[in-house]
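Beneath this line is the structure, given in structure tokens, with notes to follow.
Keep in mind the model is a prediction, meaning the values are calculated, not measured.
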Amino acid sequence: MVELCESCWQRLADDIAEEEGATTAPLPDPDDVTWIEAPTCPDCGAEVRVYPTDYDRWGSLAVRERPAKDVPPRYRWRLVTTAGGPVAVRVRRIEPPLSDPVVPDHRMLRVPDEDDPWGVG
């Protein structure tokens, strides 16, 4: 196993996050007792579930699970229960059975912008 220095790890994690649509923004402090709304997508305003990833970033996932057959491979995530709570892990390499539930990346469900339907502008 390779060990990386902190700055190399941060660069690698940022690259993975960019590819997977995750962010470096942490969730609010769990000890903060002020009222907060459910997280929403800054681009489309839809409700999302935000979970930590297995590489120290945060992913915005869809609110409901779907069968793997309905979700393109690059958008498939699973929630793994750990001692610290659920962690979002990308489904890679081994294809799940098509009827297995996966949590789609929220980007898959976004309605395209009428002015920029391919997201390139």
Can you name the nearest heavy-atom pair linking Pro97 to Ala68, along with the distance?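 Between these two residues, the closest heavy atoms are O-CB, 3.7 Å.
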Smallest separation among heavy atoms of Val50 and Pro39, with atom names: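 For Val50 and Pro39, the tightest heavy-atom pair comes out as CG2-CB, 3.9 Å.
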Let me confirm one number: the [atom1]-[atom2] distance from [X] to [Y], rounded to the nearest 0.5 Å.
| X | Y | atom1 | atom2 | value |
| --- | --- | --- | --- | --- |
| Tyr75 | Leu109 | OH | CG | 9.5 Å |
| Arg11 | Cys5 | CZ | SG | 6.5 Å |
| Arg57 | Asp14 | CZ | CG | 4.5 Å |

side-chain contact (heavy atoms from CB on, under 4.5 Å) between His106 and Val48, intermediate numbers included: CA-CA 7 Å; His106 172 68; Val48 296; 3.4 Å; yes
Test of understanding: with side-chain hydrogen bond (donor to acceptor under 3.5 Å, both in side chains), list the residues that count as partners of Glu19, not counting sequence neighbours.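 Applying side-chain hydrogen bond (donor to acceptor under 3.5 Å, both in side chains) to Glu19 gives none.
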Going by side-chain hydrogen bond (donor to acceptor under 3.5 Å, both in side chains), name the residues that satisfy it together with Tyr55, two or more places apart in sequence or in a different chain.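 Expected list: Glu20.
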What's in the same ILVMFWY side-chain cluster as Val89, cut-off under 4.5 Å, chained through other members?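 Once heavy-atom contacts under 4.5 Å are chained together, Val89 belongs with Val80, Val87.
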Kindly indicate, with the supporting measurements, whether the criterion side-chain contact (heavy atoms from CB on, under 4.5 Å) is fulfilled by Ser60 and Arg107. CA-CA 8 Å; Ser60 295; Arg107 294 177 302 163; over 6 Å; no
Can you find a pair of side-chain heavy atoms, one from Val71 and one from Trp77, that are under 4.5 Å apart?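 They are not in side-chain contact.
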Residues which pass side-chain contact (heavy atoms from CB on, under 4.5 Å) with Glu47, listed by chain and number, not counting sequence neighbours: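 Per chain and number, Glu47 pairs via side-chain contact (heavy atoms from CB on, under 4.5 Å) with Ala38, Val63.
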Among pairs that include at least one residue of residues 58-76, which meet salt bridge (Lys or Arg N to Asp or Glu O under 4.0 Å), considering only residues two or more places apart or in two chains?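 Applying salt bridge (Lys or Arg N to Asp or Glu O under 4.0 Å) to every pair that reaches into residues 58-76, excluding sequence neighbours, yields Arg76-Glu95.
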Could you give all pairs that pass the salt bridge (Lys or Arg N to Asp or Glu O under 4.0 Å) test and reach residues 78-89, with sequence neighbours left out?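 Qualifying pairs: Arg78-Asp100.
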Quick one: do Arg49 and Leu79 satisfy side-chain contact (heavy atoms from CB on, under 4.5 Å)? Show the steps, please. CA-CA 11 Å; Arg49 295 188 304 177; Leu79 296 176; 4.1 Å; yes
